[in-house]
**Q** 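Okay, here's the structure, questions in a sec.
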Number of protein chains: 2
Amino acid sequence: MATIRELARHCGVSVATVSRVFNTPEVVSRATRQRVEAAAAEIGYLPNESARTLATKKSNMIGLVWDTDHRRSGWRHPFLQEILVALKTALSAHGLHLLLLATGADAPDRHLAAVRRHNLDGVVLIDNGSRDPAVLALADAGIPCVALDLPLTGPCCTYVTSDNAGGARQAVAHLLHRGHRRIATISGPSRPGPGADRLAGFRAELAAHGVPLPPDYVVEGDYYLDSGRAATHRLLRLDTPPTAVFAAGDEMAVGALQAATDAGLRVPGDLAIVGFDDIELAALLPPGLTTIAQDRAGFGTAAAEALISMIQSSPDTAPPPPITLPTRLVPRGTA
Amino acid sequence: MATIRELARHCGVSVATVSRVFNTPEVVSRATRQRVEAAAAEIGYLPNESARTLATKKSNMIGLVWDTDHRRSGWRHPFLQEILVALKTALSAHGLHLLLLATGADAPDRHLAAVRRHNLDGVVLIDNGSRDPAVLALADAGIPCVALDLPLTGPCCTYVTSDNAGGARQAVAHLLHRGHRRIATISGPSRPGPGADRLAGFRAELAAHGVPLPPDYVVEGDYYLDSGRAATHRLLRLDTPPTAVFAAGDEMAVGALQAATDAGLRVPGDLAIVGFDDIELAALLPPGLTTIAQDRAGFGTAAAEALISMIQSSPDTAPPPPITLPTRLVPRGTA
DNA sequence: CTGAAAGCGCTTACAG
DNA sequence: CTGAAAGCGCTTACAG
């Protein structure tokens, strides 16, 4: 591995000059710049990132805090892969790498410690609990960070999420348009975040149209299929069962579909179903799940942009406001 | 950020001693070790990884070369998330982080360059083409690396893949056991790798039982649903159509299922179908896709183990032999 | 536009 | 068991 010193000697300039052609090329004369560049290519010089980071305190690395340690194994983000691809692509365009942080002891300062040890330029959080002390410590520390699908704010922290309330309203509006008036929902967990927002949107659209919502038309699920099936069974046993159900996640919607089939009901004739997420399954499962699609790639690119703007702005400027991605109704066979 | 010098002064020892309590604690006296540890906790000292890497040439980071730049967007690995989780977990246990490398210009030395610039301890490759010069350069360079689902070897390079041939044989054996004798296959791309191995296993099991395989019973797909559907349409139009089909991927199997339905055939009565992968869909799509499951987590843990053993062994020792993960037949409704 | 020099925060022989 | 010192490969004021 050639070092900057060797390269400098190789073309008869100082190491400072070599450093400049790599960092502030506009400040060195055309002649020497070209000479250095040619020599660099010739001997295969590559700057050592550790040395740069040590000298500059900037690593050009973004930490990815991904909480894979769920009590419930087999947990899957509906579209993690797309987020990762978009994030990586957008970050790459700015020369930033993504460091997937090892999960160690669960000390409340573990994320912060990783940031400091590695001189990370910023952090993106995904799949984290909203009450995780380690996450909160990060958000409070003034490290540029952006959370995905988690309403987290701080001096230098913002988040991106879909327009969950708006998406739920689209779902309800579609059902209303189809003539339904007895519309139930299988919600996500009630903690702040997408689940709560979808439920709020659900209620709001119904209210806006003066359609009553009996309390037992709202049953909470956990985004998994089984909870959707169980919830639907419960709804169908009501004295006045709903004619339509909005599930706050596609897996739960598939569960609802199964429950309807179990009960000998036709979908959408006897029970209409709308989901949320537009997972791969939605298009393939007969008769096709009507659902609310999210802007998958948007999560990654928006997060990257927010992060980069925070990194580049002075420490005292306010973080960008939370970013809300538009959703889209995808009408298929179930509603 | 406290530095090692401050910590040293804080407890009246040299920086060398402090360094030792963090790196070779067994070599320092119990008394001073405890004094240093207490002081470190007190002032919140965290070693700077860049400085360590600069001094040791080891970064404790593994590069993840993930080729997300597919000509075909929307491409998805059947279980990338599980691989990533298992990989991260296994690597974490050894204090290794995963660096998702930014995709830049496609110079044939780009991966190698990243390894050198960051002093990466090793690399894992996923979703890469087998003929990518940048990948081959990496495998040849003697950098510890392990490829997933890609038969890549080198002085310090091995790979992990499922027992694809064995899995295909399980599929055929199952079909044979069900009484089928006219068994076709929709294969994956014919380049070396899982697709070719599955096809070889398919042929082998048939041959072992003396069951003939007409040439037009083998049609090549690309793992996507549409290719499975198209292939099946073609098979069904044959003078002597098959009674069963083994699709080398679940998406193609789903396509086969759709084609059968299109043609008014009953599954498995008129056409039996076995897939490969056991994607989420397989269990959910009526009547349930019979398929060959892979050891998803095994990919990650095996890769981590192989990598760690290579990193720890001396540079001249041979790499571990390729690792083959067992598969498992999951009988469901389609065969 | 360029160079000499100090400094970034560690590790590791080498002595003792 | 511990310390003084050199070195890892860069960057960046400061002069000129």
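No hydrogens, no waters, no symmetry mates; every other heavy atom, side chains included, goes into these values. Throughout, protein chains are lettered first and strands after them, A, B, ... in sequence-line order, and every chain is numbered starting at 1.
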**Q** Step by step, work out the side chain to side chain contact (heavy atoms under 4.5 Å, CB included) result for L148(B) and T161(B).
**A** CA-CA 6 Å; L148(B) 303 184; T161(B) 190; over 6 Å; no
**Q** Assign each of T56(B) and K57(A) to its nearest nucleotide of DNA chain C by heavy atoms, then name whichever residue's nucleotide is nearer the 5' end.
**A**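 Nearer the 5' end of the strand: K57(A).
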**Q** With nearest nucleotides of DNA chain D determined for V13(B) and T17(A) from heavy-atom distances, which residue corresponds to the more 5′ nucleotide?
**A**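 The residue whose closest nucleotide sits nearer the 5' end is V13(B).
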**Q** Determine the contact category for F22(B): base if any of its heavy atoms lies under 4.0 Å from a base atom, sugar-phosphate if only primed atoms, P, OP1 or OP2 are that close, otherwise nothing.
**A**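 F22(B): no heavy atom of the nucleic acid under 4.0 Å.
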**Q** What's L46(A) touching, base or sugar-phosphate or nothing? Going by heavy atoms closer than 4.0 Å.
**A**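 Touches sugar-phosphate only.
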**Q** Which part of the nucleic acid does T32(A) contact within heavy-atom distance under 4.0 Å: base, sugar-phosphate only, or nothing?
**A**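 Counting heavy atoms under 4.0 Å across all strands, the contact made by T32(A) is with sugar-phosphate only.
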**Q** Just call it for T3(B): base, sugar-phosphate, or nothing, with non-hydrogen atoms closer than 4.0 Å on any strand.
**A**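 Touches sugar-phosphate only.
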**Q** In Watson-Crick or G-U wobble terms, both distances under 3.5 Å, what is the partner of dA4(C)?
**A**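 Paired with dA4(C), as far as the under-3.5 Å criterion goes, is no nucleotide at all.
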**Q** Can you tell me whether the side chain of R20(B) and the base of dG3(D) have a donor-acceptor pair closer than 3.5 Å?
**A**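 Pair found.
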**Q** Please state whether the phosphate of dT11(D), meaning OP1 or OP2, lies under 4.0 angstrom from any side-chain nitrogen or oxygen of R52(A).
**A**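 So the side chain of R52(A) is within the cut-off, an N or O lying under 4.0 Å from OP1 or OP2 of dT11(D).
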**Q** Look at the side-chain N and O atoms of N48(B) and state whether any lies under 4.0 Å from the OP1 or OP2 oxygen of dC10(C).
**A**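 No, outside the criterion.
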**Q** Regarding T53(B), tell me which of base, sugar-phosphate or nothing describes its non-hydrogen contacts under 4.0 Å with the strands shown.
**A**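 Touches nothing.
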**Q** Verify whether one side chain among S50(B) and T53(B) offers a donor that lies under 3.5 Å from an acceptor in the other.
**A**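 On atom types as modelled, these side chains do not qualify, holding no pair under 3.5 Å.
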**Q** Which of the following nucleotides, dC1(C), dC10(C), dA4(D), is nearest to the side chain of S14(B)?
**A**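 From the listed options, dA4(D) comes nearest.
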**Q** Does dA13(C) have a Watson-Crick or wobble partner in any strand here, with both distances under 3.5 angstrom, and which is it?
**A**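 With both distances under 3.5 Å required, dA13(C) matches none.
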**Q** Is the centre of the F22(B) ring less than 6.0 Å from the centre of the Y45(B) ring?
**A**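 Aromatic pair counts; centres sit under 6.0 Å.
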**Q** Are R116(B) and N48(A) close enough that a side-chain donor and a side-chain acceptor fall under 3.5 Å?
**A**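 Distance-only check fails for R116(B) and N48(A).
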